[in-house]
Amino acid sequence: MSTRKQGERNSKLSNILFTENITFEGKKFYDWVITISFYSAIHFLEDFILPKTINLQQCKNLNEVKSAYKMPGRHEARERLVWDNMNTEIAAYYSWLDNKSRFSRYTTYKVTITEAQKAQDYLNKIITACALPAATVAPTAGDQPTT
């Protein structure tokens with residue numbers, strides 16, 4: 001299955017968990033709405049950005065990105081890939097999804113409907129950006145993160 005197809009599949013599941021009345025012990029799966037939205041965003045963004053030349057190295061996958069950036073972890077490499085290749089707004093949406101999904105998975109399982117809705121909104125904005133020509137979502141000089 002292609003990366004984009006997996007993103008579409010995850011997006012559909014996230015939407016079903018958000019909109020349908022699926023519960024466990026009377027609680028909706030808002031923590032999973034956020035987590036699945038994050039994983040969906042990963043697939044859309046990687047499909048949109050890669051392949052990419054980074055530091056003179058042609059990168060077709062995240063392991064190659066990690067190597068080109070000389071970073072120890074995939075999460076850090078992906079975050080930099082997104083910040084380096086998307087505008088600030090899209091990169092910030094991705095970072096929010098990343099942080100909130102970690103929080104909901106490892107710190108607390110208490111996620112509000114408002115947070116789940118925000119995850120859905122941010123994912124939809126990422127999906128839309130990944131359907132646009134690259135020049136319209138590329139960062140400008142002012143968009144580069146400080147390191």
Side-chain angles (χ1 to χ4, degrees), residues 1-52 54-55 59-132 134 136-140 142-147:
M1 179 179 306
S2 77
T3 303
R4 185 171 186 87
K5 286 284 186 199
Q6 186 64 42
E8 291 168 356
R9 185 173 182 267
N10 289 353
S11 176
K12 184 174 183 177
L13 178 58
S14 176
N15 189 51
I16 288 169
L17 287 175
F18 183 75
T19 59
E20 300 295 322
N21 194 25
I22 302 169
T23 61
F24 178 72
E25 296 179 351
K27 295 183 181 176
K28 292 197 74 161
F29 293 93
Y30 294 138
D31 54 332
W32 280 102
V33 169
I34 290 174
T35 299
I36 296 168
S37 293
F38 167 63
Y39 283 111
S40 181
I42 286 172
H43 291 292
F44 277 99
L45 288 163
E46 286 185 12
D47 181 74
F48 182 72
I49 298 169
L50 297 174
K52 183 80 174 174
I54 301 170
N55 297 330
C59 301
K60 296 182 293 285
N61 59 54
L62 193 58
N63 284 330
E64 292 172 351
V65 170
K66 185 178 92 162
S67 173
Y69 281 138
K70 296 178 176 51
M71 297 184 116
R74 294 176 333 176
H75 293 292
E76 298 91 343
R78 185 182 297 112
E79 179 104 8
R80 178 150 177 213
L81 179 70
V82 171
W83 279 97
D84 283 355
N85 293 283
M86 303 301 286
N87 66 39
T88 301
E89 182 180 47
I90 296 303
Y93 295 153
Y94 170 78
S95 292
W96 185 92
L97 286 168
D98 184 6
N99 291 332
K100 189 55 79 171
S101 74
R102 289 173 202 269
F103 181 77
S104 69
R105 284 179 289 158
Y106 303 122
T107 304
T108 181
Y109 303 106
K110 297 175 185 173
V111 174
T112 67
I113 188 173
T114 303
E115 293 168 316
Q117 179 64 58
K118 186 182 272 192
Q120 293 277 285
D121 291 344
Y122 286 0
L123 173 59
N124 287 329
K125 289 177 181 184
I126 289 169
I127 291 169
T128 299
C130 290
L132 297 171
T136 62
V137 292
T140 62
D143 281 344
Q144 294 302 315
T146 57
T147 51

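What you see below is based on every heavy atom in this structure, not just the backbone, and it leaves out hydrogens, waters and symmetry mates.
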Novice: For Ser37 and Lys100: C-alpha separation, side-chain torsions, deciding distance, then whether side-chain contact (heavy atoms from CB on, under 4.5 Å) applies.
Specialist: CA-CA 10 Å; Ser37 293; Lys100 189 55 79 171; over 6 Å; no

Novice: Atom CG of Leu13 and atom OG of Ser40: how far apart are they, to the nearest 0.5 Å?
Specialist: 9.5 Å

Novice: Rounded to the nearest 0.5 Å, what separation is found between the CZ atom of Arg9 and the OG atom of Ser14?
Specialist: 13.0 Å

Novice: With side chains defined as the heavy atoms from C-beta onward, is the minimum distance between Ser11 and Leu123 less than 4.5 Å?
Specialist: yes

Novice: Would you please test Met71 and Glu79 for side-chain contact (heavy atoms from CB on, under 4.5 Å) and show each step?
Specialist: CA-CA 11 Å; Met71 297 184 116; Glu79 179 104 8; over 6 Å; no

Novice: Taking the side chain as everything from C-beta on, heavy atoms only, tell me whether Leu50 gets closer than 4.5 Å to Val65.
Specialist: yes

Novice: Output a table of donor-acceptor pairs, distance under 3.5 Å, between side-chain atoms of residues 19-30 and any protein atom two or more places apart or on a different chain; print 'none' if there are none.
Specialist:
residue : atom : partner : partner atom : Å
Thr19   : OG1  : Asn15   : O            : 2.8
Lys28   : NZ   : Phe18   : O            : 3.1
Lys28   : NZ   : Glu20   : O            : 2.7

Novice: Going from CZ on Phe38 to OG on Ser101, what distance comes out if it is rounded to the nearest 0.5 angstrom?
Specialist: 4.5 Å

Novice: By side chain to side chain donor-acceptor pair (under 3.5 Å), which residues pair with Lys118, not counting sequence neighbours?
Specialist: none

Novice: For the OH atom of Tyr94 and the CG atom of Asn99, what is their distance to the nearest 0.5 Å?
Specialist: 9.5 Å

Novice: Just do the salt bridge (Lys or Arg N to Asp or Glu O under 4.0 Å) check on Asp121 and Lys125 with the steps written out, would you?
Specialist: CA-CA 6 Å; Asp121 291 344; Lys125 289 177 181 184; over 6 Å; no

Novice: Would you call Ser104 and Glu115 a side-chain contact if the rule is heavy atoms closer than 4.5 Å?
Specialist: no

Novice: Of the non-hydrogen atoms in Ala119 and Ile34, which two are nearest, and what is the gap between them?
Specialist: CB-CG1, 3.6 Å

Novice: Apply side-chain contact (heavy atoms from CB on, under 4.5 Å) to Gln6 and Tyr39, showing your working.
Specialist: CA-CA 9 Å; Gln6 186 64 42; Tyr39 283 111; over 6 Å; no

Novice: Take Thr35 and Trp32, measure what side-chain contact (heavy atoms from CB on, under 4.5 Å) needs, and give me the verdict at the end.
Specialist: CA-CA 5 Å; Thr35 299; Trp32 280 102; 3.7 Å; yes

Novice: Which residues satisfy the salt bridge (Lys or Arg N to Asp or Glu O under 4.0 Å) test with Glu46, sequence neighbours excluded?
Specialist: Arg78

Novice: Under 4.0 Å between a side-chain nitrogen and a carboxylate oxygen: does that hold for Glu8 and Lys12?
Specialist: no

Novice: Nearest 0.5 Å, what's the OH-CG distance between Tyr93 and Asn124?
Specialist: 11.5 Å

Novice: Do Arg105 and Asp31 touch side chain to side chain, with heavy atoms closer than 4.5 Å?
Specialist: no

Novice: Is any side-chain heavy atom of Thr88 less than 4.5 Å from a side-chain heavy atom of Trp83?
Specialist: yes

Novice: Check each of Ile126, Leu81, Leu45 against Met86 using the side chain to side chain contact (heavy atoms under 4.5 Å, CB included) test, and report the only one that passes.
Specialist: Leu45

Novice: Nearest 0.5 angstrom please: Ile42 CD1 to His75 NE2, how far?
Specialist: 7.0 Å

